[in-house]
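Data block below; observations after.
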Amino acid sequence: VAGEELLRVDDIEVIYDGAILAVSGVSLVVPEGAIVALLGANGAGKSTTLKAISGLVRAERAEISRGGIRFQGRDSTRTAPNRLVREGIVHVLEGRHVFSHLTVEDNLRSGGFVRGLSRAQLEQNLERVYAWFPRLETKRKTQAGLTSGGEQQMVAIGRALMTQPTLVLLDEPSMGLAPLIVQEIFEIVARLNAEEGVSFLIAEQNIPVALKHASHGYVLDTGKVVLQGSASELLEGSHLQDVYLGRR
Ligand code: ATP
């Protein structure tokens, strides 16, 4: 159920290495309690937009050279990533990034350390993550690198949930996964949203899956928003059909 504005990105420009303009004029809103899709082809600027929001751009020698970002009404444009995690924004990077030599459970616990949780809170959150991803509980002692791609994506999302986020930035959760497992992951995301009120901004190339669960979408092309609207408007509109769905 969407309500007040949780996140506002206002006309940002992001430059890598002081020279490469990756994003030039992206504005978007994530209402409280919403699932919003950020769509577009490879290199369109989806990952860079998410990194601007989570503060991780600076770790890649990039900077927000114009525009601003507000989270819960406060300017977060220059807030450090670890502080943003404490304030409720967590970023699940593209490509899953689990610690492959650690067990599934230790991967999940590492999310709680980022947040500096007490032991009791950590155990409580772990139980909560296992309730959402029962598959992970059966694999808790398995090295994360030995689990399937879908399970690794669940570990990455579960680790993010350990931080008790308000807003989860998900970068291409469907990447390289079979349709059934993609469906399973998106269904869990939708339930987390409906039952716990967690908001999501999801970068995806898989437009049908993303718009099935999102209420709104923004389409990026070469660093700009070229199309936006409600999920149904975007799915019905001929532009998206022609330009993106028709190509697939
Ligand atoms: P993908 O799905 O491939 O990640 P994307 O839509 O997320 O695509 P970005 O990764 O944000 O797109 O890339 C946007 C532009 O910024 C591209 O032209 C890319 O080459 C450039 N870019 C991304 N990361 C860097 C970096 N670390 N250094 C320099 N340029 C970069």
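Atoms within each ligand, like the ligands themselves, are counted from 1 in listed order.
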Nearest-0.5 Å distance, CD1 of residue Ile53 to CG of residue Leu38:
7.5 Å

Salt bridge Asp11-Arg66, side-chain N to carboxylate O under 4.0 Å
yes

Non-neighbouring partners of Leu122 that pass side chain to side chain contact (heavy atoms under 4.5 Å, CB included), sequence neighbours left out:
Arg109, Leu117, Met162

Sorted by chain and number, the residues that approach ligand 1 to under 4.0 Å with a heavy atom
Tyr16, Ile20, Ala22, Ala41, Asn42, Gly43, Ala44, Gly45, Lys46, Ser47, Thr48, Glu60, Glu94, Glu172, Gln205

Does Ser230 have any side-chain hydrogen bond (donor to acceptor under 3.5 Å, both in side chains) partners at least two apart in sequence or in another chain, and if so, which?
Ser232

Salt bridge between Glu196 and Arg128, side-chain N to carboxylate O under 4.0 Å?
yes

How would you list, by chain and number, every residue that makes a side-chain hydrogen bond (donor to acceptor under 3.5 Å, both in side chains) with Arg61, sequence neighbours excluded?
Asp17

